[in-house]
Amino acid sequence: MSKSFGAMSVAQLSVLIQGGAADPVDVAEAVFETIATYADKAVFTTLLEGRALEEARAASKRLRDGRSLGLLDGIPIAWKDLFDIEGLPTTAGSVVLAGEAPARHDAAVVGLLRQAGMIAVGRTNMSEFAFSGLGINPHYGTPVNPRGADLPRIPGGSSSGAGVAVAAGLVPVAMGTDTGGSVRIPAAFNGIVGYKATRGRHAMEGVYPLAKSLDSLGPLCRSVRDAVWIDAAMRGLTAPDVVERPLHGLELLVPENIVFDGAEPGVIAAFETALERLQRAGARVSRTVIPAFGEIFDLMTRYGPLVTAEAFALHRDRLAGSNADRMDHRVVMRTRLGAKTTLADYLAILEARGRLIDEVERLVGDRLIAFPTVAHVAPPIAPLEQNDDLFFATNNKTLRNTALGNFLDWCGVSIPCGTGEAGMPVGLLLSATAHRDEALLGTALAAEPVIRGDFA
């Protein structure tokens, strides 16, 4: 059984630990053994074995003494390489930050989950500075999607190592960040669950930013229930407060524009089949054009993407110095495009964003929005590494659907709904307008088994 601890859901493992059938120290040791024997060494950038075993011993003692901290006590978790970990520099997937001063404190959410009894296993790899949806990293290597049976395929980004660590059964949960899809994309590509919270739902102190007006947090895990438990602890709650909502009468809105453009037939088929299952379970589906989607891309064409403008402001001095030569040239090229966005342009984007959020909230109302998380399955790594034009075109298409939710301040959950080309996973993205996370998660709890169908 020990070899399979990392392949369990948080809920499954919690039953074993709380019931005394598994000891947190044994769990932690087994997780590190599994990581050590896993062939792909690009999944983690740092392992925290000493800290993890210390935390596991403390959890074990609490459980023996009858003082469990709750459902998450003794559960291992991996952290994306942009969360501050006390005593270590925060490198954000880049070699240029490796010599920075170590963090004096854990990031706020790292501290909250430690207070809930979770065991910090290590830091997972990512796209450099979180600025790509593909997960390719020339410095620390690119984690290979464990679902690919034919050839090495991308993990999705920017939370690449997080997606692979869970999908490969190394840890039951890994924490990511999401600025344009960086939780939901690797979840979809790797066939797991990824929850992106409404921006501001979780504390951002100690998290290396990309674009603060878009950045949000969320776990990559095996089930929606796992995400619900983790979300509660990230908000300092001692128990989950999300209630499962019935599917009968659920109203789903499927956009007719943008999100299906150029979609692979296998992705469309998996999505539509899952949608039919939801309808048979009592959901009502309506389809309509969401005009704001087109206007968002018109704004990007006219002024440049909001994320690129804010990323340039963050890295402007770095890009002007010698450190630019040490960065991924594709990250440098993309970030420098932000210099074209003037202050007047930036303010125009923000003004239009506020208006579009209001318009879409009126259009959507209390409905949830459903469409494919990504319009294609995970493509092969090698061509993307060799061809910059292909890299940028694929990156744009990969981010397209999920980035709409970031711009509109939505929350979202990607749930596996089947497979497409080469047997690779397809994700169905359920989204809700801002601050409706409880409604989204409560519905997703009931919808997950229906959406998954036969997908394991």
Side-chain angles (χ1 to χ4, degrees), residues 9 11-12 147 166-167 183-196 220-228 242-261 263-288 290 364-378 401-402 404-405 410-433 436-456:
S9 70
Q12 290 172 321
R147 294 281 186 172
V166 174
V183 164
R184 294 159 292 159
I185 291 168
F189 279 169
N190 288 279
I192 57 177
V193 169
Y195 161 54
K196 169 221 172 308
L220 296 96
C221 45
R222 300 196 181 285
S223 72
V224 174
R225 187 165 304 281
D226 289 358
V228 167
V242 171
V243 178
E244 185 171 322
R245 298 162 68 101
L247 292 183
H248 185 75
L250 166 67
E251 295 191 18
L252 293 175
L253 173 63
V254 178
E256 293 183 314
N257 57 320
I258 304 293
V259 294
F260 292 99
D261 292 353
E264 293 176 349
V267 169
I268 295 175
F271 172 81
E272 293 292 348
T273 300
L275 204 63
E276 290 172 5
R277 292 196 296 267
L278 286 169
Q279 288 177 289
R280 290 197 297 270
R284 296 196 294 265
V285 176
S286 57
R287 299 176 188 254
T288 189
I290 299 182
V364 171
D366 292 335
R367 292 178 289 184
L368 297 185
I369 309 99
F371 51 83
T373 311
V374 189
H376 55 89
V377 299
N401 288 7
T402 51
L404 292 165
W410 289 355
C411 49
V413 178
S414 181
I415 299 171
C417 66
T419 56
E421 181 185 342
M424 294 300 293
V426 174
L428 184 150
L429 179 59
L430 283 180
S431 301
T433 53
R436 296 187 62 234
D437 298 68
E438 279 74 17
L440 171 69
L441 290 170
T443 302
L445 279 171
E448 179 180 13
V450 179
I451 290 171
R452 281 182 176 271
D454 295 331
F455 186 90

Are side-chain heavy atoms of His376 and Phe189 found at a separation under 4.5 Å?
yes
Verify side chain to side chain contact (heavy atoms under 4.5 Å, CB included) between Val254 and Phe271, making sure each step is shown before the conclusion.
CA-CA 11 Å; Val254 178; Phe271 172 81; 4.2 Å; yes
Working to the nearest 0.5 angstrom, can you tell me the gap between Thr373 OG1 and Ile415 CD1?
9.0 Å
Is there a donor-acceptor contact under 3.5 Å from the side chain of Arg452 to the main chain of Pro449?
no
Measuring from atom CG of Leu445 to atom CG of Leu247, what distance do you get when rounded to the nearest 0.5 angstrom?
10.5 Å
Checking Glu448 side chain against Val224 main chain: does a donor-acceptor pair fall under 3.5 Å?
yes
Paired with Thr443, the side chain to side chain contact (heavy atoms under 4.5 Å, CB included) test is passed by just one of Leu252, Val242, Leu368, namely Leu368
Within the structure provided, determine whether Glu438 and Val243 are in side-chain contact (heavy-atom separation under 4.5 Å).
no
Keeping Arg184 on the side-chain end and Tyr195 on the backbone end, is there a donor-acceptor pair under 3.5 Å?
no
Hey, does the side chain of Arg277 reach the backbone of Val450 with a donor-acceptor pair shorter than 3.5 angstrom?
yes
Main chain of Arg147, side chain of Asn190: is a donor-acceptor contact present, judged purely on distance under 3.5 Å?
no
Decide side chain to side chain contact (heavy atoms under 4.5 Å, CB included) for Thr419 and Met424; before the verdict, give the C-alpha distance in whole Å, the side-chain angles of both, and the deciding distance to 0.1 Å.
CA-CA 5 Å; Thr419 56; Met424 294 300 293; over 6 Å; no
Arg287 side chain to Pro255 main-chain N or O, any donor-acceptor pair under 3.5 Å?
no
Main-chain N/O of Trp410 paired with Lys196 side-chain donor or acceptor, under 3.5 Å:
yes
Does Val193 form a side chain to side chain contact (heavy atoms under 4.5 Å, CB included) with Asp226? I'd like the steps, not just the answer.
CA-CA 9 Å; Val193 169; Asp226 289 358; over 6 Å; no
Is there a side-chain contact between Phe260 and Pro372 (heavy atoms, below 4.5 Å)?
yes
I want to check something: taking the side chain as every heavy atom from C-beta on, are Ile369 and Leu430 in contact at a cut-off of under 4.5 Å?
no
Would Glu251 and Arg284 pass as an ion pair if we require N to O under 4.0 Å?
yes
Donor-acceptor pair, side chain of Asn401 and main chain of Val259, under 3.5 angstrom
yes
